[in-house]
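Read through the structure below, which is laid out as structure tokens, and then see the notes.
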Amino acid sequence: MTKLKQFLKQETVLAVAAALAVVSAFFVRPDAAYLGYIDWRTLAILFSLMTVMAGLRRQGVFDRMGRALLALSGGTMQLVLVLVGLCFFGSMFITNDVALLTFVPFTFAVLDSMGGEMRRKLALPVVCMQTVAANLGSMLTPIGNPQNLYLYGKSGMGMGAFVALMLPYSLASLVMLVAWAVLVCRGQRSGSGPFLESRQNAPSSRRIIGMYGVLFVVCLLAVMRVLPYGAALAAVFLAALAADRDTLGGVDYSLLLTFVAFFIFIGNLGRIPAFSSWLQGIIAGREVLVSVLASQVTSNVPAALLLSGFTQNTQALIIGTNLGGLGTLIASMASLISYRQIAREEPEGKGKYFALFTLSNVVFLAALLGLWAVLSL
């Protein structure tokens, strides 16, 4: 019973998705059509990208990149901009989850090297804005987060068209993040710590890093439909199995299973005429607002999976689910990564962090929704 409670606590979204899939199966009995529910392309590319990112992270690539950029910073404001920028720009290519898993612990190490006063003043606001930055930066590319990868494949858009769709929101987000950094660092003394000199590089293999670099290009070609996704999947799996088997254990299989469960649930809902007609009526012409609201209670990945089955306006869903990653703590599940780190490193500051996180998300979401309203005129 204890293990079950622990599992439900750690994998709440997967448990809910599985329960919904099981319940829906009572209304639509399992048959051959179930296999048609599942988007195998999304699952294959998602697994491939997660494997490559897990491998590069195990090799310390992102940590080294962060420290190299920090070496160029000469003051508190530059330091904050680098730490937030790592999440914003990094999430475009390594996903928002990996960016936060890598750079939030890295941030605490950097702030520790600068003394207790700097950590006390900067830890909560910097980690909060790193979380916002990761969720905002990831919206620019199809590989930035799982719902983008799924919706990009479903839409049939080209890479350039996808980037162009989200570019105004990314540029506006970058301007707001820089303005926030200026506000937070106003009045702070400049300074840097001994972190870069004292930190030792983790052992790594150039051969393995090179292998994952090539596999990342293979994944991108599969995303852009230049290579078959099956070929990319086979290349990544076989290469990791042969050269870096332990990395396969670091893949987030619960996310893959969550996708499968939601595919089944959504597929079954589509075969229930009454529900299908109701949801289609609710979402028609309101895709952006409905997906933003749905993301607040289900998170943006399940919202994308659910709503995509009931509208053809995939571009609006891309905008809505990306903006919908702002708001509540669960609007983007990546946000929980930072919250868990705060709970571990600054347990007495959890309440303050939650309030700051909520305020920041509301401000950014309101501003970006305003931009969407203007662009929609």
Side-chain angles (χ1 to χ4, degrees), residues 39-69 85-103 106 133-135 137-153 157-163 166 170 201-253 255-256 259 301 322 334 337:
D39 187 335
W40 300 106
R41 180 181 186 275
T42 296
L43 292 179
I45 296 177
L46 187 59
F47 170 83
S48 300
L49 283 169
M50 287 194 298
T51 301
V52 170
M53 291 306 131
L56 290 173
R57 186 167 181 264
R58 287 186 72 243
Q59 295 297 318
V61 171
F62 307 131
D63 182 74
R64 286 178 173 81
M65 178 181 68
R67 285 187 285 123
L69 289 173
L86 283 169
C87 290
F88 183 78
F89 292 105
S91 64
M92 299 176 184
F93 305 100
I94 66 176
T95 75
N96 52 353
D97 299 78
V98 173
L100 292 174
L101 281 169
T102 302
F103 296 126
F106 175 70
N135 288 327
S138 65
M139 67 184 175
L140 182 63
T141 66
I143 61 173
N145 51 56
Q147 84 270 3
N148 275 2
L149 182 61
Y150 168 67
L151 293 173
Y152 172 76
M157 299 170 66
M159 180 77 77
F162 187 100
V163 172
M166 297 308 303
S170 295
N201 288 340
S204 63
S205 166
R206 290 185 179 181
R207 179 177 64 87
I208 298 297
I209 293 173
M211 178 190 77
Y212 283 120
V214 172
L215 291 175
F216 180 64
V217 174
V218 170
C219 290
L220 287 181
L221 292 175
V223 170
M224 293 186 290
R225 305 179 183 89
V226 176
L227 287 179
Y229 67 83
L233 173 64
V236 170
F237 178 75
L238 292 176
L241 186 65
D244 192 27
R245 186 172 300 183
D246 289 344
T247 289
L248 292 173
V251 174
D252 188 0
Y253 294 102
L255 179 60
L256 297 174
F259 265 72
V301 173
N322 274 302
I337 294 171

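- Between Leu101 and Phe62, the closest side-chain pair of non-hydrogen atoms is not below 4.5 Å.
- Between the CD1 atom of Ile143 and the CD1 atom of Ile45 there is a distance of 10.5 Å, given to the nearest 0.5 Å.
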Residues Tyr212, Val236; criterion side-chain contact (heavy atoms from CB on, under 4.5 Å); working and verdict: CA-CA 8 Å; Tyr212 283 120; Val236 170; 5.8 Å; no
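- Every pair passing side-chain hydrogen bond (donor to acceptor under 3.5 Å, both in side chains) that includes a residue from residues 39-50 is listed here, sequence neighbours excluded: Asp39-Thr42.
- The ring pair (Phe, Tyr, Trp, His ring centres under 6.0 Å) check on Phe88 picks up nothing, with sequence neighbours excluded.
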Please tabulate, for side-chain N and O atoms in residues 214-228, each donor-acceptor pair with protein atoms closer than 3.5 Å (sequence neighbours left out).
| from | atom 1 | to | atom 2 | distance (Å) |
| --- | --- | --- | --- | --- |
| Arg225 | NH1 | Met157 | O | 3.0 |
| Arg225 | NH2 | Tyr152 | O | 3.1 |

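- Partners of Asp244 under the salt bridge (Lys or Arg N to Asp or Glu O under 4.0 Å) rule, at least two apart in sequence or in another chain, are Arg58.
- Remark: Leu255 pairs with Leu46, Met50, Pro146, Asp252, Phe259 by the side-chain contact (heavy atoms from CB on, under 4.5 Å) rule, at least two apart or across chains.
- With sequence neighbours excluded, the residues satisfying side-chain contact (heavy atoms from CB on, under 4.5 Å) with Ser91 are Asn96, Ala99, Ala134, Ser138.
- Summarising the geometry of Cys87 relative to Phe103, their closest heavy-atom pair is SG-CB, 3.9 Å, with the distance given to 0.1 Å.
- What you find for Gln147 and Val301 is that their closest heavy atoms are OE1-CG2, 3.5 Å.
- Between the side chain of Gln59 and the main chain of Ser205, a donor-acceptor pair closer than 3.5 Å is present.
- The minimum heavy-atom distance between Asp63 and Phe106, with the atom names listed, is OD1-CD1, 3.3 Å.
- Taking all atoms of both residues into account, the shortest heavy-atom contact from Thr51 to Thr247 is O-CG2, 3.4 Å.
- Side chain of Thr141 to backbone of Met92: a donor-acceptor contact under 3.5 angstrom is found.
- In this structure, Arg207 and Ala243 approach most closely via the heavy-atom pair NH1-CB, 4.0 Å.
- Without hydrogens or angle criteria, Arg64 side chain to Gly60 main chain gives a donor-acceptor distance under 3.5 Å.
- Side chains of Asn322 and Asn145 form a contact here, defined as non-hydrogen atoms less than 4.5 Å apart.
- Between Leu49 and Thr95 the shortest side-chain heavy-atom distance does not fall below 4.5 Å.
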